[in-house]
Amino acid sequence: MPTGPCPANIDGELSINGVRVIYHSTWDGTSVRNVGAGCTGPLVSVRAINPANNPTKYAHFRGRRGQPRTLVLTPGFDQTFTQPQLGNNGFTDNTDLEDLVITNSPDNPSLKA
Amino acid sequence: MPTPTFVGSYNTAFNTATSPKSSSAFDVALGDVIASIMADEAAQTSENYTWGNSGTGLTWVEQTQATFVTSADVFIQAAHATPAGAQTSITGTLTRNTGNAAHWFGAVFARWSNATMTGVVAGARSTTPDTASPYTLSITPVLNNSAIFYGIADFSASDFTSRVHSTVNGFTPTVGNGLELAYFRDSAHYSACWAYIPDAGAGGAAKTVGITGPAGGDTLLVAVEIGGVAAAATRTPAKVYNRAALNRAYYL
């Protein structure tokens, strides 16, 4: 956990079994590291990649607000979602990516009782 | 010793502070070892986690941990369980008992069959933070042909996109060959990577595991040996000596 103020740019990646979800956000200028939601800010882009030789995978996001969401990653999927595209799908800041898991199942684990 | 058989890996989310956390579902069978390595974005005095699972309880044994509570650093720890019998669709769980409730953490659960973690196998941990690439750890397996499961966590949240794992006995974990199990980074929190060596070769000789990365890392590593055992005997069909009787049976 880097110390000091939140970074101006927050970059992240999850890589599981060849599937990669890469995200970029900026800092909202007010959130504080290690307090509450921590360093938060508007999402700038999310890129999701599933190699062509992989079966279909599912990226599940629980998010801190709103409904859990699932992204279907078919073989060969490689798409970068821009800020407007993310906004249209309910992703606004980096807390919407929280609890990210990649599975073989379309069932979002966050929706289980 | 025979090499243990890697079956699969199952992980929790890495990008929340939520506790407890669960892995995706997996099966376990008699003769399996479930080994788990967790990473927390920062160390804290009296940091403590407990492994568990859904379904019939396995007995989780904490194996080794690396933490430096007097300085800012990550916390990384390994544990294992040996099922007493077959169970279907369990999830591994990890619960934070004490520690900063705002810290992100996560774990990978890896399953081996024909394996053992009891008695003589080795574990290793960083004794000081590794601050220069390659970020590595030495482990000396006790048995021949064991697997090594290791994890790396970086307090600096370095970008390991161009990482290269150390080679052990001809095996170099990569994303493509499936020996790297997971990689996570968030530049405001931490970086972590999990991988295994399927056959570390001769026991009694030191092996070096780890990854390259950018300068300025602040990493801790843990590694555990997964020993192999002989595969369980399988029953083969009895030979049929009376071919005529068998043919008659087909035409009944």
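Note that the structure is a prediction, hence the values are computed from the model and not measured. Order of the sequence lines sets the chain letters (A, B, ...), proteins ahead of strands, with each chain counted from 1.
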Once you round to the nearest 0.5 Å, how far does OG of Ser9(B) lie from CG of Asn17(A)?
5.5 Å
Heavy-atom pair count under 4.5 Å with chain A, highest-scoring of Glu41(B), Lys21(B), Glu180(B)
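The option with the most such pairs is Glu41(B).
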So how far is it from Thr103(A) OG1 to Asn11(B) CG, rounded to the nearest 0.5 Å?
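Rounded to the nearest 0.5 Å, the OG1-CG separation comes out at 10.0 Å.
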Identify which part of Asn100(B) has an atom lying under 4.5 Å from any heavy atom of chain A, answering side chain, backbone, both or neither.
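The side chain, not the backbone.
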Student check: side-chain heavy atoms of Arg62(A) and Thr18(B) closer than 4.5 Å
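In short, these two side chains touch, coming nearer than 4.5 Å.
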For the residue pair His189(B) and Pro2(A), what are the closest heavy atoms and their distance?
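Closest heavy-atom pair between His189(B) and Pro2(A): O-CD, 3.4 Å.
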Quick one: which of Ala13(B), Ser187(B), Ala182(B), Ser191(B) has the most heavy-atom pairs under 4.5 Å with chain A, could you say?
Ser187(B)
Leading residue by heavy atom contact count with chain B [cutoff under 4.5 Å; candidates Ile10(A), Val101(A), Thr95(A), Asn34(A)]:
Asn34(A)
Tell me, out of Ile16(A), Asp11(A), Asn9(A), who's got the most heavy-atom pairs with chain B below 4.5 Å.
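Of Ile16(A), Asp11(A), Asn9(A), Asp11(A) has the most heavy-atom pairs under 4.5 Å with chain B.
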Please examine the side chains of Tyr23(A) and Asp186(B), heavy atoms only from C-beta on, and report whether any two atoms are closer than 4.5 Å.
yes
Heavy-atom distance under 4.5 Å to chain A: side chain of Ser156(B), backbone, both or neither?
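Only the backbone of Ser156(B) comes within 4.5 Å of chain A.
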Measure Trp194(B) against the heavy atoms of chain A and call it side chain, backbone, both or neither at under 4.5 Å.
neither
How many angstroms lie between atom CZ of Arg20(A) and atom OH of Tyr183(B), to the nearest 0.5 angstrom?
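So the gap between those two atoms works out to 8.5 Å.
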Asn15(B) side, atom CG; Leu100(A) side, atom CG - distance, nearest 0.5 Å:
5.5 Å
Top of Gly176(B), Ala188(B), Ala102(B) for chain A proximity - count of heavy-atom pairs under 4.5 angstrom
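Looking at each option in turn, the highest pair count goes to Ala188(B).
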Given heavy-atom pairs under 4.5 angstrom as the criterion, report whether the side chain, backbone, both or neither of Thr12(B) touches chain A.
backbone
